Amino acid sequence: MTPILEARGLVQQYATGRSLFGKPPSMRAVDGVDLAVREGEILGIVGESGSGKSTLGRMLLGLETPFAGEVRWRGQPMPAPRTDMWRRLRAQMQLIFQDPLAALDRRMTIAAQIAEPLEIHGLMKGAEAAERVAELMARVGLRPDQADRYPHELSGGQRQRVVISRALAMRPKFLVCDEPVSALDVSIQAQVVNLLRDLQEQEGLTMVFISHDLKVVHNICNRVAVMYLGRVVEEGPSGEVFGDPRHPYTRALVSSIPKAGRGLTDRIILQGEPPNPAMRPPGCAFHPRCAIADAACAGEIPELSGHRGRLTACLKQRAIIPATAA
Amino acid sequence: MAFVSIRDLKVSFDGVQVLHGIGLDIGRGEAVGLVGESGCGKSVTWLAALSLLPAKARISGSVRIDGQELIGAPGPEIEKVRGARIAMIFQDPSSSLNPVQRVGKQIMESLRLHRGLKGAMARTEAIRLMNMVGIPSAETRVDLYPHEFSGGQCQRIMIAMALAGQPDLLIADEPTTALDATIQAQILDLLSTIRRETGMAMVFISHDLGAVSAVCDRAAVMYAGKIVESNEITALFAAPRHPYTVGLLDAIPELDVTRARLQPIKGTVPDPKYLPTGCAFAPRCTHATDFCTTDQPELKRQPDSGLLACFHPAGRYKTETLTRREELV
């Protein structure tokens, strides 16, 4: 089956600071990512701040032009930004942000905001548009009487529903959700997570779900990719990755999640600082914080490849094969 | 007698009551968690206790530390408690630190105010504190500015500042919420190590039940300005009684179970301006009866353990022995 969206060797780098002479120093936010999103699945991207997950999401949508590599939509390369083709494609791909209040216009009623994409893309107007807005609001669980409210009159969870219904207005095939529930309270978070799962199951939406919350990702995603300093270090079905993490970073990440009713026992506490993409360590970027790293890890960047039936980017995974076979 | 005891603490802003009589005791060296969603009054409780609320807040009730009343106490009295006996750290470390002052100077300010240390002695002590909270090469980094540290390190510096006054009680208000998962684990570890070493008491305010259970002995669950349930950590998680506590636990996805649909609590937190007349949770509660919409349950001591404010508590015990015990009650 051809993936709906495919990324090949994606690299994004930004210039940091200025220098009078010569090239300004640059920082790689995303450093060679291959990723395939299959139709109808929810792919989770997890990682800490600065790992490049949001940048990756924006490149998948064509909102940022990659420095190197390409994104293919249904086997075709992405059209150049701001062309007609690109606009038509953009209608099928939508983005949901973390902070709904920042994503909404404070001076527009929510009905007007949900109708806006329909007008921009010239799909429908007037009564027809109003009907579609009512249908969308009902779909995400907003009451009809809330149509004339302004964003500040709604709660955080309701605002996120408005953002989701606006993204659904164009009947998209593909959604990138960038930390969509991180700003919400636990009880409301569960409502929005269930809504996104319904959309996948009932409308066959394909999603990329970016989050640092492993528990939510495990619940909502079919597959996950774990990122560390701009590279995918482990990828696989979410049950396997969280149930039996292989990469030392994923292991630390999974064990660092405080579990209700369990104390601080059996946790891998990572030493050292969170990664700084501007000062990428040589070799495996994780080696300065890794408990099992040795000299070889500083010299070679491990590729994401199959070890023991799983995709990991770790030199030590190779070594384990003979060890377990023996 | 409890070291800190809060009795019937009420706070209102512009006529809107946000705290409806909080009662809480904290023993010496004890770690207590305060859990609840945004706006339930977890932070306001302690801001009120330390007179850190804006002047328009109307506060009544009693907060005593070693018998000394804090509510309505004159400014200089409160200042002797703040920082020296009760210290507080906040969610966003980078906005709590002064960006144009060297971190060492900020820690030394705290040392001068609370312990009268000056000059070289203060500097040595500041470096010792930075070492204690796990800042590598503190000797050279004491003269750096906050922006030269990462978020997790800024939180460590905040903790060092809080420890400068050798407080008996540390209020940690969502100290790990803004941090990455692996850094969050480091800070939780640091807080429990410090507590073990110094023997200070701690109040850990968080919406993250997992984090609370990792560092606390006991936790109180708050909803709409009231404590609805409190118990020892293990009992609270193994056998939650209040439907809201049950709902909160059910709403959190777990890593080691199958991907079942989440059980959200329906509806939203009530507007403090228009609180329901009965139990504030009644409109969202699956157990609620007509009685719950007219009468407010009081927080009462339960026969087995803990405190509970509910007319129709959940009897969801996980072990058989406990079920039998409930039948006896």
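Bear in mind that the values here come from a model prediction, so they are computed numbers and not experimental data. Below, chains carry the letters A, B, ... as their sequence lines are ordered, and counting in each starts from 1.
- When the side-chain contact (heavy atoms from CB on, under 4.5 Å) test is applied to B/Cys154, the partners found at least two apart in sequence or on another chain are B/Pro93, B/Leu97, B/Phe149.
- Neither the backbone nor the side chain of A/Ser182 has a heavy atom closer than 4.5 Å to any heavy atom of chain B.
- Of residues 217-225 of chain A, those residues with a non-hydrogen atom less than 4.5 Å from any non-hydrogen atom of chain B are, in numerical order, A/His218, A/Asn219, A/Ile220, A/Cys221, A/Asn222.
- Contact detail for A/Gln191 and B/Pro264: the closest heavy-atom pair is CG-CB, 3.4 Å.
- Here the closest heavy-atom approach between residue B/Ala185 and residue A/Ser256 is recorded as CB-CB, 3.7 Å.
- To the nearest 0.5 Å, atoms CD (A/Glu48) and CD1 (B/Ile183) are separated by 5.5 Å.
- Here the straight-line distance linking atom CD1 of A/Ile269 with atom CD of B/Gln184 works out to 10.5 Å at 0.5 Å rounding.
- Between B/Glu254 and A/Ile257 there is no side-chain heavy-atom pair separated by less than 4.5 Å.
- The shortest heavy-atom contact between A/Ser155 and B/Thr268 is OG-CG2, 3.8 Å.
- Interface remark: of the candidates B/Gly247, B/Pro136, B/Gly267, B/Gly267 forms the most heavy-atom pairs closer than 4.5 Å to chain A.
- Rounded to the nearest 0.5 Å, atoms CG (B/Leu179) and NE2 (A/His212) are 10.0 Å apart.
- Residue B/Leu262 holds its CG atom at 8.0 Å from CD of A/Gln189, rounded to the nearest 0.5 Å.
- For B/Asp271, no part lies near chain A; criterion is any non-hydrogen pair under 4.5 Å.
- Within residues 32-44 of chain B, the residues approaching chain A closer than 4.5 Å by heavy atoms are, in numerical order, B/Glu37, B/Ser38.
- Taking both residues in full, the closest heavy atoms of A/Val186 and B/His207 are given as CG2-O, 3.8 Å, listed atom of the first, atom of the second, then distance.
- Listed by chain and number, the residues in a side chain to side chain donor-acceptor pair (under 3.5 Å) with A/Asp213 amount to none (sequence neighbours excluded).
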